[in-house]
Protein chains: 2
Amino acid sequence: MALEPQTQNTPTHMRRRLVLSAGDDISRCLLCDIREHSVCNAINDKELAILAHASKSLSLPPGTTLVEEGSPATAFFNVTAGTVKLFKSLPDGRRQITGFADVGHFLGLTNSSTYSFGAETVDTVRVCRFSRAELENLLTDYPLFERRLLAEVTDELAQAQEQMLLLGRKTARERVASFLLARMVVHSTPEQGEEAIVSLPMTRVDIADYLGLTIETVSRTISALRREGLIAGTDHHGIRILALQKLQALTSGQEYS
Amino acid sequence: MALEPQTQNTPTHMRRRLVLSAGDDISRCLLCDIREHSVCNAINDKELAILAHASKSLSLPPGTTLVEEGSPATAFFNVTAGTVKLFKSLPDGRRQITGFADVGHFLGLTNSSTYSFGAETVDTVRVCRFSRAELENLLTDYPLFERRLLAEVTDELAQAQEQMLLLGRKTARERVASFLLARMVVHSTPEQGEEAIVSLPMTRVDIADYLGLTIETVSRTISALRREGLIAGTDHHGIRILALQKLQALTSGQEYS
DNA sequence: CGACCGGTTGAGCATAATCAAAACTTGTGG
DNA sequence: CCACAAGTTTTGATTATGCTCAACCGGTCG
């Protein structure tokens, strides 16, 4: 939990591990299959080479620090695979995860010259990294890029407000139900039909730090929901939703009794 | 607490009370003394007439609804005097205030076609109101305006993250101390020298809903801080900070004991 | 004056935290 | 393939922080 002060752009334990992508050339952005889900979509095909030139694609193992809390804000990231956790800490080690940045999300934006938050990979993550100068050029040269970024930050703010409601006013049960539903994805399988799945790449510690609870309370609450037949655990990192309606009611306190 | 559905742009109880400012003419923005503290600063003097034309200045009494949770997002506001509270609610009436918008703050931005939050005046408030179309024109025509707005939303997001840390991980004592210090302003008076003052235009209910506590806990905690000599109450809506250092330590749990 | 509203204070309680230990996973090496 | 170690998750017992319920205070307004 101890934060090592950082004088260079990239923490040493990260620099050691950075791996340039095989497709790290001029056509990288053109071939990128998540482009339409990110800010990069604001730049048209002809000019994608500029974008590819302005960024570097990196593959990072779980637990890599992308952003050190309080360090100089020199780099910005677009997540193209995996999940990144964003957090803030108190001097005594208490930590609040403020969000999970999944595929397509942009992170690192700040007005201050230093980051006010930390960012660390949850699983194996692929990101495109922009320097401050590169990002500022993109903002100035491509109004659509800036507009898209404004939309993304606005959306992140709305999510933050939702999370404040959760942290300030919801019970442990309501928090866990809200979390599961927010991360739910519906798969359509030929055999099973519609299947509502929640993948949890993060540990219980991360979930607890995100929901403002302890790991014990998270564990107990998930066990209770399973015992009641609302969810079924595949393994510890995957859950199947069995009673969607009831869970939805639970998120806002309409307990079915 | 019951939310009346709203079909028109402006809630009826608000429309009734809207009062056009005396200076609601072409030079209004030029004469505006808080321009430099707001997004309007991004537009140069020559073109301020356009801005004045694009917005209407309104004076609103305490308790006026500016934005109804879930209603169509048609208007946007710049606060030029007073304090506005932003909040989200649960069906059973539980409420979380996500922020207070003071002088210079812009509010109402959303990607969705409806507001995901509510906004209500705390005291007597003066705002400049923009319609959606007017705002979009400004964004497109004035890149600096958009840049400034991006900076403002980014800043609001950073504050939201700080508040998530407070709501998820701080004790009641730490929350109240953080709140007081965040709202503190330092006055330099000729007689008293430096004076650290906190003005609290909002009620205890609002403070509690902002800090994720009950009014009783807020009241008890403020009383305790006063008893310990860290603060002194002027009246219920004003507090003087006596022990800044100790309060600062308190915000992050470094209890001096 | 009495009702009302906002704030304060007190007593008892409940939810989630803490402390502790067992069960399960995962990775490593014989 | 199994044994073992380390780490993560689950479960249990107890406690504490902040909530609920309730009474009271002080100012304001009709």
Side-chain angles (χ1 to χ4, degrees), chain A residues 1 61-63 90 92-96 122-124 166-180 198 200-228 231-239 250 253 255, chain B residues 1 61-63 85 90 92-96 122-123 166-180 198 200-228 231-239 250 253 255:
Chain A
M1 188 67 59
L90 289 170
D92 62 5
R94 280 175 287 172
R95 191 182 64 153
Q96 179 65 38
V122 169
D123 45 15
T124 298
L166 179 147
L167 293 170
R169 290 300 182 217
K170 291 190 181 180
T171 65
R173 226 172 133 74
E174 289 162 3
R175 293 182 200 202
V176 170
S178 301
F179 176 68
L180 293 179
V198 183
L200 302 173
M202 67 292 291
T203 65
R204 292 287 187 273
V205 176
D206 287 341
I207 298 175
D209 281 351
Y210 182 56
L211 299 179
L213 300 169
T214 59
I215 50 171
E216 293 94 330
T217 300
V218 170
S219 187
R220 267 188 260 274
T221 308
I222 291 179
S223 296
L225 294 177
R226 187 166 16 202
R227 217 177 306 120
E228 294 165 32
I231 61 175
T234 54
D235 63 346
H236 288 148
H237 292 282
I239 280 176
L250 239 178
E255 196 71 68
Chain B
M1 188 68 58
K85 59 188 175 198
L90 289 170
D92 61 6
R94 279 176 288 172
R95 191 183 63 152
Q96 179 65 38
V122 168
D123 45 14
L166 179 149
L167 292 170
R169 289 301 182 217
K170 290 190 181 180
T171 65
R173 225 172 135 73
E174 290 162 3
R175 293 182 200 202
V176 170
S178 301
F179 176 67
L180 294 179
V198 183
L200 303 173
M202 67 292 292
T203 64
R204 290 289 187 273
V205 177
D206 286 343
I207 298 175
D209 281 352
Y210 181 56
L211 298 180
L213 300 170
T214 58
I215 49 172
E216 293 95 331
T217 299
V218 170
S219 187
R220 268 188 260 272
T221 308
I222 290 179
S223 296
L225 294 177
R226 188 166 16 203
R227 217 178 306 119
E228 296 166 29
I231 60 174
T234 55
D235 63 345
H236 288 147
H237 292 282
I239 279 177
L250 239 179
E255 196 72 67

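Proteins get letters first, then strands, A, B, ... in listed order; numbering begins at 1 in each.
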Figure out the CG/P separation between Leu166(A) and dA16(C), and round it to whole Å.
12 Å
Pairwise distance CG(Leu211(A)) to CD(Gln96(A)) - rounded to 0.5 angstrom
8.5 Å
So the salt bridge (Lys or Arg N to Asp or Glu O under 4.0 Å) pairs with at least one residue in residues 202-225 of chain B (sequence neighbours excluded) are Arg169(A)-Asp209(B), Lys85(B)-Asp206(B), Arg95(B)-Asp206(B), Arg95(B)-Asp209(B)
Strictly under 3.5 Å: I want the nitrogen or oxygen pairs between protein and nucleotides 28-30 of chain D, one per line.
none

Report for the helix from dC1(C)-dG30(D) to dG30(C)-dC1(D): angle between first-end and last-end helix axes, five pairs each, rounded to 10 degrees.
30°
Value for OG1 (Thr203(B)) from NE2 (His237(B)), rounded to nearest 0.5 Å, stands at 7.5 Å
Integer-rounded Å distance: dT8(D) C1' and Ile215(A) CD1
8 Å
I need the CE-C1' distance between Met202(A) and dT8(D), as an integer number of Å.
15 Å
Taking atom CG of Leu200(B) and atom CD1 of Ile207(B), what is their separation to the nearest 0.5 Å?
5.0 Å
Decide side-chain contact (heavy atoms from CB on, under 4.5 Å) for Ile239(A) and Leu225(A); before the verdict, give the C-alpha distance in whole Å, the side-chain angles of both, and the deciding distance to 0.1 Å.
CA-CA 11 Å; Ile239(A) 280 176; Leu225(A) 294 177; over 6 Å; no
What integer distance in Å separates Leu167(B):CG from dA16(C):P?
15 Å
For Ser178(A), check side chain to side chain donor-acceptor pair (under 3.5 Å) against everything at least two apart and list the hits.
Lys170(A)
Hey, does Ser219(B) reach any base, or is it just sugar-phosphate, or nothing, if we go heavy atoms under 4.0 Å?
base
Measure across Ala177(B) and Leu250(B) and return the closest heavy-atom pair with its distance rounded to 0.1 Å.
CB-CB, 4.0 Å
Could you give me the CA-CA distance, side-chain angles and deciding distance for Val198(B) and Ile231(B), then say whether side-chain contact (heavy atoms from CB on, under 4.5 Å) is met?
CA-CA 10 Å; Val198(B) 183; Ile231(B) 60 174; over 6 Å; no
To the nearest Å, how far apart are Leu200(B) CG and dG6(C) P?
16 Å
Sorted by chain and residue number, the side chain to side chain contact (heavy atoms under 4.5 Å, CB included) partners of Thr221(B) (sequence neighbours excluded) come out as Ala172(B), Arg173(B), Val176(B), Thr217(B)
For Arg227(A), which contact category applies under a 4.0 Å heavy-atom criterion: base, sugar-phosphate, or nothing?
nothing
Tell me: CZ of Arg204(B) to P of dG6(C), nearest whole Å?
12 Å
Check the distance between dG7(C)'s P and Asp209(B)'s CG and give it to me in whole angstrom.
12 Å
Heavy-atom closest contact (Pro201(A) atom, Asp123(A) atom, distance):
CB-OD2, 3.6 Å
Heavy-atom pair with the smallest gap, counting every atom of Val218(B) and Ala208(B):
CG2-CA, 3.8 Å
At under 4.0 Å between heavy atoms, how does the protein contact nucleotides 16-24 of chain D? Give one character per nucleotide, 5' to 3', with B, S or -.
--SSBB---
